[in-house]
Amino acid sequence: MPQLVQPHPVEPSSALLEGLNPRQREAVLYRGPALLIVAGAGSGKTSVLTRRIASLLETREAWPSQILAITFTNKAAGEMRERVRGIVGHASDGMWISTFHSACVRILRREAEVFGYASGFTIYDSGDSRALLKRLVKQYEADVMGLSVANVAARISKLKNELVDAETFSRQVNPSDPKDALFLTIFREYSRALQSANAFDFDDLIAQTVYLFRAFPHVAEPYRRRFRHILVDEYQDTNHAQYALIRELTKPVAELPGASLTVVGDSDQSIYAFRGADIRNIVEFEQDYRDATVVLLEQNYRSTQTILDAANAVIANNFDRVAKNLFTDTGAGAKIVGFTGYSGHDEAQFVADEIERLHRDGLDYREVAVFYRTNAQTRALEEILIRSAVPYRILGGTKFYERAEIKDAMAYLIAVANPADALAMRRILNSPKRGIGQVTETQLAGYAERNGITFREALRHAGEQGFGPKVAKAITGLSDLLDEATAMTAPPSPDAAPIPVFDVLALLMQKSGYVDALRASRDPQDEARLENIEELLAVTKEFQKNDPDGLLIDFLTETALVAAADELDDSSGTVSLMTLHTAKGLEFRAVFLTGIEEDLLPHRMSANEPGGPSEERRLFYVGITRAKERLYLSLAMTRNSYGETSVSAPSRFLAEIPAELIEWRQSPGMTGPGAGGRVAGSLSWSGGAAGAAPGQAKPKTEWPNRVTGKVRDNGELELAPGDRIRHDDFGEGRVQAITGSAAKRIAEVQFDTAGRKRLLVKVAPIVKL
DNA sequence: GTGAAGGGGCTTTTT
DNA sequence: GCCCCTTCAC
């Protein structure tokens with residue numbers, strides 16, 4: 001064991017402290033049992049955290065293996081690791097920098113056997129949990145009692161985040177309430193099913209690690225000894241289970257004091273109460289950890305004063321907070337631009353046009369982001385951005401790993417890695433179609449249960465269950481294929497290189513007939529599905545490239561834990577679209593906050609929740625403070641939801657921003673008949689959505705979802721400068737120039753009334769005249 | 001057991 | 001508007 005505490009730490013090199021203000025410097029240098037860094041938005045906390053870690057290493061106060069740093073996303077973890085490495089080089093190897101979930105998986109994979117799990121356990125995402133719960137809800141006819149899959153799932157998740165398991169819950173619940181009794185039954189069955197499938201759901205990853213540490217101190221002890229410095233970022237968004245995990249890890253062991261704990265957070269940016277985040281963790285930090293020191297970082301190095309003024313003014317309306325005021329010395333900067341569209345599409349068009357203008361002025365697309373409250377808002381934005389030929393990327397929403405064909409392919413891999421996982425087995429049982437239906441599946445499950453074997457084992461005994469020859473052969477064929485793949489993943493000698501995941505997946509997809517079935521299909525969507533399978537194969541290739549020794553189980557872990565923000569690719573040169581939640585922790589030179597309307601932000605669903613409106617305000621605050629130079633606030637008078645158009649009202653939050661900070665290109669008061677009213681005062685549209693505003697007569701354009709990949713296709717439409725065209729929305733215009741080639745050909749068109757636009761020739765709703 | 005057609009219900013945010 | 005589930009015909 002290396003020396004644990006140096007009485008007189010060596011002064012860190014001056015390069016490490018360079019450019020830090022006194023507060024930041026203190027946050028880097030302070031040494032003690034507990035440190036809370038209250039870091040306002042943009043106050044350089046990432047820099048402080050990295051330098052704090054680097055200084056611990058540089059002065060030899062800590063070995064890399066003694067450091068555990070928790071970040072909010074895998075991407076943030078990767079960046080922090082790189083930055084520390086940039087300062088101290090390979091002296092940083094061996095640190096644990098990861099998310100709560102990744103760190104817990106790492107611990108659980110090592111220790112699973114201690115409490116009845118196997119190391120190859122599956123991680124169930126929310127879709128898997130719901131699939132499991134669906135069967136239970138149906139089985140117990142719980143829906144007639146008003147227990148839907150969604151609310152059972154939410155309730156179980158909440159309980160697990162509070163470290164309440166089914167047995168603990170059974171002691172709290174009133175057994176004479178039939179609804180609660182039924183819920184308890186389902187909770188129990190769900191937990192049992194997870195355990196027998198050798199699986200953890202997302203919430204288990206944290207909660208079970210805590211149970212493990214509490215039940216088996218000898219398991220916890222090596223971790224308590226090992227991690228002498230624990231740092232947690234975004235502490236305001238930790239839930240009770242995560243809090244408890246940190247408490248467990250910082251407990252003293254025998255002669256050793258507890259690990260030194262550093263947490264960084266900002267209660268104004270707490271936006272995850274809905275998933276159990278407890279702001280008290282940060283507010284009561286000083287009571288929890290005696291001798292804690294607090295450092296406050298208020299100077300902002302990100303945004304202009306105008307943006308900060310808006311942010312400060314908005315957040316000041318939350319009454320239950322410690323006053324904090326962000327400031328900068330970089331100057332006022334540009335005014336915030338406001339825009340009110342007639343419809344969501346009109347709003348989106350403003351966004352697209354403005355992005356193009358910024359781009360012409362030299363701003364790279366990757367410096368621009370568009371935020372929204374709900375994923376549903378992407379549709380209109382996407383349609384317009386495609387048409388306007390603005391390159392964009394949606395973070396989160398795409399859900400590659402949630403697509404049926406990807407889930408199928410992953411289920412094949414899971415069936416190999418974790419034969420106990422009946423959910424994965426059932427999923428692949430009849431995809432591709434093998435003539436194994438519901439009846440056969442139920443029979444197999446029954447056989448497994450009667451004989452006390454797994455579902456996977458039952459497949460091996462297909463011959464003994466009275467199936468027809470075709471069905472029996474199909475089952476045996478699948479079973480043999482899985483055996484073949486399993487043999488690949490278990491190399492003959494321990495030091496032989498593992499067979500790449502790519503080969504395993506390729507074998508499974510081919511020999512199962514999965515790809516052949518897609519190829520043979522006449523469903524046009526299957527072509528896209530086939531491409532997705534190929535995309536997944538490419539992902540496995542990439543995985544092996546980055547991690548040549550990576551095993552199948554590592555691949556499954558990595559893909560199970562990708563967060564939306566992990567998809568951000570700084571080199572892509574595209575505009576980033578994401579929800580306000582995903583935006584936390586990021587920054588962009590130009591930011592568009594869209595849909596700033598009542599019922600959307602604050603969201604209608606938040607109104608009845610305690611603390612709901614305040615949390616929505618923090619969400620708005622988080623969005624505003626992502627912007628470095630330019631901030632746009634936009635909204636629409638009408639919005640489509642459920643295929644119906646409804647009228648919307650400006651968000652109350654708009655009125656909280658001092659009027660002189662916003663320059664309205666088109667204010668809410670200017671849009672309706674009888675325009676001229678002020679934004680802030682009355683919060684309704686004067687005259688509603690009536691009146692034939694130009695934006696509203698738009699013809700409907702069909703934009704099928706991305707699975708089909710089938711958008712409008714003009715084929716090889718020939719266009720040359722000088723040609724006249726007609727556009728569905730913009731009317732007639734003249735082509736000014738053509739750039740790009742093939743599918744990326746872009747036409748610059750001067751429209752007679754709609755101004756100048758860039759259009760993707762292949763997909764724009766245009767005809768040549 | 002499979003596929004097409006029609007009806008009901010739903011969306012806040014995420015690891 | 002779309003997804004998922006049920007129903008019905010083969």
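Below, each value reflects all heavy atoms present in this structure, side chains not excepted, and no hydrogens, waters or symmetry copies. Residue numbering restarts at 1 for every chain, and letters A, B, ... go by the order of the sequence lines. As the structure is a computational prediction, the values presented were derived from the model and not from experiment.
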Student: Can you tell me the distance, in whole Å, between the CD1 atom of I70(A) and the P atom of dT15(B)?
Tutor: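 Atom CD1 in I70(A) sits about 16 Å away from atom P in dT15(B).
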
Student: What is the nucleic acid contact for N430(A), judged by heavy atoms within less than 4.0 Å: base, sugar-phosphate only, or nothing?
Tutor: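 Sugar-phosphate only.
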
Student: Taking only Lys NZ, Arg NE, NH1 and NH2, and the carboxylate oxygens of Asp or Glu, determine whether E527(A) and R519(A) approach each other closer than 4.0 Å.
Tutor: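 Answer for the salt bridge query: no.
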
Student: In this structure, how many angstroms lie between the P atom of dT15(B) and the NZ atom of K75(A), rounded?
Tutor: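 It works out to 14 Å between those atoms.
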
Student: Decide, applying a 5.5 Å centre-distance limit and a 30° plane-angle limit (both strict), whether F274(A) stacks on dT13(B).
Tutor: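 Here F274(A) meets both the 5.5 Å and the 30° conditions.
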
Student: Are Y621(A) and F653(A) near enough that their ring centres are under 6.0 Å apart?
Tutor: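 Ring centroids of Y621(A) and F653(A) are no less than 6.0 Å from each other.
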
Student: Check every atom of dT14(B), dG3(B), dT15(B) against the side chain of K433(A) and return the nucleotide holding the closest atom.
Tutor: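 Nearest nucleotide to the side chain: dG3(B).
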
Student: Answer with base, sugar-phosphate or nothing: what part of the nucleic acid does T440(A) contact at a heavy-atom distance below 4.0 Å?
Tutor: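 Sugar-phosphate contact only - T440(A) comes under 4.0 Å of backbone atoms but never of a base.
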
Student: Just how far, in rounded Å, is P of dT15(B) from CD of E558(A)?
Tutor: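 The answer, rounded to whole Å, is 15 Å.
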
Student: Write down the distance between CG (L245(A)) and C1' (dT15(B)), rounded to a whole number of angstrom.
Tutor: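 Value for this atom pair: 14 Å.
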
Student: Tell me which nucleotide among dT15(B), dT14(B), dC2(C) gets nearest to the side chain of S126(A).
Tutor: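 From the listed options, dT15(B) comes nearest.
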
Student: When the P atoms of dC4(C) and dT13(B) are compared, how many Å lie between them, rounded to an integer?
Tutor: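 Rounded to whole Å, the distance is 16 Å.
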
Student: Assuming nearest nucleotide by heavy-atom distance, tell me which of S102(A) and M605(A) is located more 5' along DNA chain B.
Tutor: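 Nearest nucleotide further toward 5': that of M605(A).
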
Student: Can you check the D599(A) CG to dT11(B) C1' distance for me, whole Å?
Tutor: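 Those two atoms, CG and C1', are 14 Å apart.
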
Student: Where the side chain of Y642(A) is concerned, which of dG1(B), dC10(B), dT13(B) is the nearest nucleotide?
Tutor: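 So the nucleotide nearest the side chain must be dC10(B).
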
Student: Taking ring pair (Phe, Tyr, Trp, His ring centres under 6.0 Å) as the test, write out the residues that go with F467(A), two or more places apart.
Tutor: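 Ring pair (Phe, Tyr, Trp, His ring centres under 6.0 Å) list for F467(A), sorted by chain: empty.
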
Student: Base, sugar-phosphate alone, or nothing: which one does F100(A) contact when heavy atoms must sit under 4.0 Å apart?
Tutor: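 If one applies the 4.0 Å heavy-atom cut-off, F100(A) turns out to touch nothing in the nucleic acid.
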
Student: Flag the pair V210(A) / F213(A) as yes when at least one side-chain heavy-atom distance between them is below 4.5 Å, and no otherwise.
Tutor: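 Contact flag for V210(A)/F213(A) side chains = no.
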
Student: Which of these nucleotides, dT15(B), dT11(B), dT13(B), is closest to any side-chain atom of H101(A)?
Tutor: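 Of dT15(B), dT11(B), dT13(B), dT15(B) is nearest to the side chain of H101(A).
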
Student: Between E598(A) and R604(A), is there a salt bridge with N-O shorter than 4.0 Å?
Tutor: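 No, no charged N to carboxylate O under 4.0 Å.
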
Student: Sequence neighbours left out, what pairs pass salt bridge (charged side-chain N to carboxylate O under 4.0 Å, His left out) with at least one residue falling in residues 150-164 of chain A?
Tutor: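 Output for this query lists R155(A)-D180(A), K160(A)-D201(A), K160(A)-D204(A).
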
Student: Does a side-chain N or O of K138(A) approach OP1 or OP2 of dT6(C) to a distance below 4.0 Å, or not?
Tutor: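 For dT6(C), OP1/OP2 do have a side-chain N/O of K138(A) under 4.0 Å.
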
Student: Any carboxylate oxygen within less than 4.0 angstrom of a Lys/Arg side-chain nitrogen, looking at D266(A) and K45(A)?
Tutor: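 No, D266(A) and K45(A) are not salt-bridged.
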
Student: Whether S606(A) contacts dT13(B) is assessed here as follows: a side-chain N or O lying under 4.0 Å from the phosphate OP1 or OP2. Is that the case?
Tutor: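 Checking dT13(B) against S606(A), no side-chain N or O comes under 4.0 Å of OP1 or OP2.
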
Student: Look at E597(A) together with R652(A) and state whether they make a salt bridge at an N to O cut-off of under 4.0 Å.
Tutor: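 No, E597(A) and R652(A) are not salt-bridged.
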
Student: Considering only side-chain heavy atoms of T579(A), which listed nucleotide, dT14(B), dT15(B), dT6(C), is closest?
Tutor: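 Nearest to the side chain of T579(A) among the choices is dT14(B).
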
Student: Quick check on DNA chain B: between R275(A) and G437(A), whose nearest nucleotide comes earlier from the 5' end?
Tutor: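 On the 5' side of the pair lies G437(A).
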
Student: Do NZ/NE/NH1/NH2 and the carboxylate oxygens of K584(A) and D237(A) come within less than 4.0 Å?
Tutor: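 A salt bridge is present here (some side-chain N lies under 4.0 Å from a carboxylate O).
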
Student: For E382(A) and dG1(C), give me the distance from atom CD to atom C1', rounded to whole Å.
Tutor: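 In whole Å, dG1(C) C1' and E382(A) CD are 15 Å from each other.
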
Student: With respect to the phosphate group of dT15(B), does any side-chain polar atom (N or O) of N239(A) fall under 4.0 Å of OP1 or OP2?
Tutor: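 No, because none of the side-chain N or O atoms of N239(A) sits under 4.0 Å from OP1 or OP2 of dT15(B).
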
Student: Round to the nearest Å and state the distance from Q377(A) atom CD to dC2(C) atom C1'.
Tutor: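 Q377(A) atom CD is separated from dC2(C) atom C1' by 17 Å.
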
Student: Classify the nucleic acid contact of Q438(A) as base, sugar-phosphate or nothing, counting any heavy atom under 4.0 Å across all strands shown.
Tutor: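 Sugar-phosphate contact only - Q438(A) comes under 4.0 Å of backbone atoms but never of a base.
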
Student: Please report the distance, rounded to the nearest Å, between CG in L601(A) and P in dT11(B).
Tutor: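 Whole-Å distance recorded here is 20 Å.
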
Student: For K584(A), which contact category applies under a 4.0 Å heavy-atom criterion: base, sugar-phosphate, or nothing?
Tutor: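 No contact.
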
Student: Mind listing the residues from residues 467-475 of chain A sitting with a heavy atom below 4.0 Å of DNA chain B? Number order is fine.
Tutor: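 Per residue number, the list is empty: none.
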
Student: Can you tell me if the side-chain N/O atoms of N640(A) get under 4.0 Å from OP1 or OP2 in dG1(C)?
Tutor: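 Checking dG1(C) against N640(A), no side-chain N or O comes under 4.0 Å of OP1 or OP2.
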
